[in-house]
Asks: 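Would you mind keeping the following structure in view while I ask a few things?
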Amino acid sequence: MEWRDTGVLLGLRRHGETAAIIDVFTPDHGRHLGVVRGGTSRKIAPHLQPGAQLDLVWRARLEDHLGAFTVEPVFSRSAAAMADRTGLAGLNAALALLSFCLPERAPHPDLYARTLALLDHLETPALFPLAYLGWEQRLLEDMGFGLSLDRCAVTGAADDLAFVSPRSGRAVSRAGAGAWADRLLPLPPVLQRPYDAPRTEIAQALAVTGHFLGQHLAPALGDKPLPTARQRFVDGLARQNNSPMD
Amino acid sequence: MPGTDDIEALIEQMAKLPGLGPRSARRAVLHLIRKRAILLAPLARAMQTVADTARECVNCGNVGTADLCDICAQDSRANGELCVVEDVADLWAMERARVFKGRYHVLGGTLSALDAIGPDELRIPKLKERVATENIREVILALNATIDGQTTAHYIAEQLEAHVRLSSLAQGVPIGGELDYLDDGTISAAMRARKAL
């Protein structure tokens, strides 16, 4: 068995003395693991940093084997990520969520394209949190838990939407919420329409998407807790000043 | 072969060392046996001594043969500078360079989402305690220029920035390095950290 693809490195762990097992996200083969022989060597290790884009050739005798990768670096994002605290935390959160959510060997080409676009935003730290929010909404959609925020689930109205149902993920207007308002999640405007929102508002929006990741998606994946890297990113945003350019 | 069980056991143990496999361990053991008097016996004594006395410094996490390592025991190294490193090997590398005259703090790893290593698994609470009690003026974060290393550095910075001055090692072109052979991440970091001549 052999295939060639590009991919984003989600993580790696040492395997024996010199090899590494890498976890990559590819457009055509989805999330895929494999051994890189000599992956901890001085020559290859600097290229195997999470977030790096790699050219991959995977070989195995049978399809269900772990197999071995031959890797060649295409593009490194380490320097851009390390230069900015928020970007680095966001990169860790995105990669940890992909490892957490994606089943192995199931292609998600649209999510892959959105992930590349998100990682490209590491070069523009001011826009990264907003891009991350859009990416996380897309992740929920791809996993089957997309939010429906264009109309009120109760009245059908498209205006005065202020809440999200924690069960259905559909928007609810103030009029439609009535006495149930305190049981609904607040709907920050940035979740409906991307704009230069303050980072605290983006953090509030991520609390909403986090609810669906933690309460709906995680139980479907064996009820593991969400990666702590995501919470660290959200906490960091919540602590920041209100200016979107901070 | 009869009567070689102990030697085989030694080869088996040696083969577990980094850089050695069964064949190279066999060669090493054969060499030690041939030089039994001048190599094997002193090595065995030295290993036994270290096995009996080696321990982690209670203050910094360095390894030594006493509760306090040599560096923490020297008053002259209490100059208000504290260098945070990931591992004892990094501390030894810094000491080889002879550029740092303060004290160290060994974290014992880095934060890692994949391996589920959080702050509580590292010696970060002890670091905070030392900053509060040892009259530290500056904490130098000498962590690896990797995603995990810098994630850890930023986390520590968040914890300490209100209490002490923080700095980190520069990143860029290594001494003797040629641009043509550098990865694009290093070149990019070097460009960001360029300085006036």
Side-chain angles (χ1 to χ4, degrees), chain A residues 9-14 16-18 21-23 33 40 42-53 73-100 122-123 224-233 235-236 239-240, chain B residues 15-22 24-25 87 109-122 124 141 143-162 166 168-174 177 181-194:
Chain A
L9 182 69
L10 301 181
L12 87 162
R13 53 170 51 111
R14 286 184 79 108
E17 229 174 89
T18 56
I21 294 179
I22 62 169
D23 186 359
L33 274 76
T40 57
R42 283 185 193 180
K43 191 178 158 198
I44 300 182
H47 301 298
L48 295 183
Q49 291 296 308
Q53 213 166 317
V74 175
F75 184 62
S76 164
R77 294 186 173 87
S78 313
M82 288 180 205
D84 177 65
R85 187 181 294 181
T86 305
L88 184 57
L91 173 72
N92 282 322
L95 301 183
L97 268 184
L98 286 169
S99 282
F100 176 80
L122 286 168
E123 297 285 345
K224 291 177 289 181
L226 286 181
T228 52
R230 182 190 180 275
Q231 195 53 48
R232 236 177 265 144
F233 173 57
D235 290 347
R239 274 197 303 271
Q240 286 176 17
Chain B
K16 292 177 184 168
L17 296 177
L20 292 185
S24 45
D87 196 59
T110 51
L111 299 174
S112 169
L114 194 70
D115 299 324
I117 298 176
D120 295 340
E121 277 75 42
L122 305 177
I124 293 176
L141 297 169
L143 297 173
N144 292 338
T146 59
I147 294 290
D148 285 347
Q150 293 308 300
T151 301
T152 310
H154 284 303
Y155 177 82
I156 293 172
E158 275 174 11
Q159 303 293 309
L160 297 180
E161 61 196 355
L166 292 160
S168 66
L169 297 186
Q171 292 162 3
V173 184
Y181 289 96
L182 292 182
D183 64 288
D184 50 356
T186 304
I187 294 174
S188 172
M191 273 302 283
R192 286 165 199 267
R194 67 188 183 274

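Values reported hereafter were calculated over all heavy atoms of this structure, with side chains retained and with hydrogens, waters and symmetry mates removed. Numbers restart at 1 for each chain; the letters A, B, ... are given by sequence-line order, proteins then strands.
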Asks: With only heavy atoms counted, which part of Y181(B) is less than 4.5 Å from chain A, the side chain, the backbone, both or neither?
Replies: neither
Asks: Kindly indicate whether the side chain of Q171(B), heavy atoms from C-beta on, has any atom under 4.5 Å from the side chain of S78(A).
Replies: no
Asks: Roughly how far, to the nearest 0.5 Å, is the CE atom of M82(A) from the OG atom of S188(B)?
Replies: 10.0 Å
Asks: How long is the span from the NE2 atom in H154(B) to the CZ atom in R232(A), to the nearest 0.5 Å?
Replies: 13.0 Å
Asks: What part of F100(A) gets within 4.5 angstrom of chain B, counting heavy atoms only: side chain, backbone, both, or neither?
Replies: neither
Asks: Between G19(B), A193(B), G118(B), which residue shows the highest count of heavy-atom pairs closer than 4.5 Å to chain A?
Replies: G19(B)
Asks: Thinking salt bridges, do E161(B) and R85(A) make one under a 4.0 Å N-O criterion?
Replies: yes
Asks: What part of L95(A) gets closer than 4.5 Å to chain B, counting heavy atoms only: side chain, backbone, both or neither?
Replies: neither
Asks: Identify the two heavy atoms, one from H47(A) and one from D183(B), that lie closest to each other, and give their separation to 0.1 Å.
Replies: CE1-CB, 3.4 Å
Asks: Side chain, backbone, both or neither: which part of P50(A) has a non-hydrogen atom closer than 4.5 Å to chain B?
Replies: both
Asks: Is it the backbone or the side chain of L182(B) that comes under 4.5 Å from a heavy atom of chain A, or both, or neither?
Replies: neither
Asks: What heavy-atom pair brings A79(A) and A189(B) nearest, and what distance separates the two atoms?
Replies: CB-N, 3.8 Å
Asks: Could you look at A89(A) and say if it's the side chain, the backbone, both or neither that has a heavy atom under 4.5 Å from chain B?
Replies: neither
Asks: Working to the nearest 0.5 Å, report the span between CG of D148(B) and CG of L12(A).
Replies: 8.5 Å
Asks: Could you look at I187(B) and say if it's the side chain, the backbone, both or neither that has a heavy atom under 4.5 Å from chain A?
Replies: neither
